[in-house]
Amino acid sequence: MGHSRKKLDLTGQKYGHLTILEPAENIGGRTAWRCLCDCGQEVVVKTCHLRNGHTKSCGCQNGLGGPRSALGLTYMDGTCVEMIRTRTVRSNNTSGTPGVDWMAKKQRWRASICFKGKRRYLGSFKKLEDAVKARKRAEAELFEPFLDACAGKLLPSELRNIDEVCPPIPRGHNGQRMDLTGQRFGRLTALAPAENVGSMTAWRCQCDCGKETVVMTAHLRSGQTTSCGCKPKVTLVDGTCIELIRSKTIRSNNTSGVTGVEWVPNTNQWKAVIFFKGKRHYLGCYRKFEDAVKARKRAEDELFEPFLKEFSQTAEDTSEPHSDQPGGILQGKGTKVL
């Protein structure tokens, strides 16, 4: 049984010196809550830090003006002071600049910034240096004054918020919005833009079962929502899912935008693989992304296409999906419908 994606309701619960007041905006993709400390100060804390005992107060118990973790990191309004002071680059960062990452599917560099519990998209760029400039400009207008305020050089009231420095990029239907029309996400096909859900853009989608539903763009692209909620039919033939290879679904943890193609940081190359009839076939490593994609597509043409064609022909020739007739793809117990 998988875990439910429904957000836990922690309102009113107490963790250490903190009492949960209400949900707060996510911090770097992680859920968070606005809490009231016993000393009277409010603070925003990630759900995981509350539940594992990582954060038990606003920092007053440590003699600090803001929450402090067991690792000695000081948090002010949901922002880690040490992290923005040192500009730490994470181990999975491929650009060398915090907040700048490569979008393989679009072949562009994306810049973003997180500040006080909010993540702001700064744009996508063809050149790395342009994305870095956008990031550095946002850091200069947000981080530098914030650090000055922490050092007592600037009054907190003089700080600008992220909405003023980095206003949200318009998401109307005037071309600024990402066009997902006709694209497939699991069992869903995007039909047309729908009215925003809260502040999030959304799309009217049609499920393979025929039902229409409205889904937030973020949930489509992350793989969080892949159907209208119906239970999909799964047909397994020799260990291969017919529906999966027919729809060419991209998993939520895929970073390349192409199934079976992934980046290998240790070798700085793109690796191509394919799964077929219970076996994983290695297709090679390539310096260029497009070469890895070509290798994957070539394998799909040689394995998937004949497989699907033969399956369709066999299904048409018999009204019995579990036929035990010898020969062809459907061989007795090789076919299973779930």
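When reading the values below, keep in mind they use all heavy atoms of this one structure, side chains included, and skip hydrogens, waters and symmetry mates.
Listed for the Ser256 side chain is a donor-acceptor partner under 3.5 Å among the backbone atoms of Val261. Under the 3.5 Å distance criterion, the side-chain polar atoms of Thr31 are left unmatched by any main-chain donor or acceptor of Asn26. Judged by distance alone, the side chain of Arg296 and the main-chain N or O of Val273 form a donor-acceptor pair under 3.5 Å. A donor-acceptor pair under 3.5 Å is absent between the side-chain atoms of Glu141 and the main chain of Ala138, judged by distance alone.
With contacts defined as side-chain heavy-atom distances shorter than 4.5 Å, the pair Glu212/Leu191 qualifies. Residues Val132 and Trp109 are not in side-chain contact: their nearest non-hydrogen atoms beyond the backbone lie 4.5 Å or more apart. Contact annotation: the side chain of Glu42 approaches that of Arg34 to within less than 4.5 Å [non-hydrogen atoms, C-beta and beyond]. A heavy-atom distance below 4.5 Å is not found between the side chains of Trp203 and Leu188. The side-chain heavy atoms of Lys127 and Asp130, taken from C-beta on, include a pair separated by under 4.5 Å. Using a 4.5 Å heavy-atom threshold, the side chains of Ile274 and Glu300 count as touching. Two residues are said to be in side-chain contact when any heavy atoms from C-beta on lie closer than 4.5 Å; Pro193 and Arg204 fail this criterion. Side-chain atoms of Leu122 and Ile113, non-hydrogen and from C-beta on, do get closer than 4.5 Å to each other.
Results of the side-chain contact (heavy atoms from CB on, under 4.5 Å) test with Trp33 over Val43, Leu21, Thr11 single out Thr11 as the only residue that passes. Only one option out of Gln206, Gln183, Arg184 pairs with Thr189 in a side chain to side chain donor-acceptor pair (under 3.5 Å); it is Arg184.
A side-chain donor from one of Ser124 and Arg108 sits under 3.5 Å from a side-chain acceptor of the other.
Residues passing the side chain to side chain contact (heavy atoms under 4.5 Å, CB included) test with Cys285, sequence neighbours excluded: Gln269, Lys271, Tyr282.
Aromatic ring centres of Trp270 and Tyr286 lie farther apart than the 6.0 Å criterion allows.
Residues Phe125 and Ala111 share a closest heavy-atom pair of CE1-CB, 4.1 Å. Across every non-hydrogen atom of Leu283 and Ala299, the tightest pair is CD1-CB, 3.8 Å. Smallest separation of non-hydrogen atoms from Ala190 and Cys205: CA-SG, 4.0 Å. When all heavy atoms are compared, the tightest approach of Glu25 to Ala32 is O-CB, 3.7 Å.
Between Phe304 and Phe276, the ring-plane angle classifies as tilted under the 30° and 60° cut-offs.
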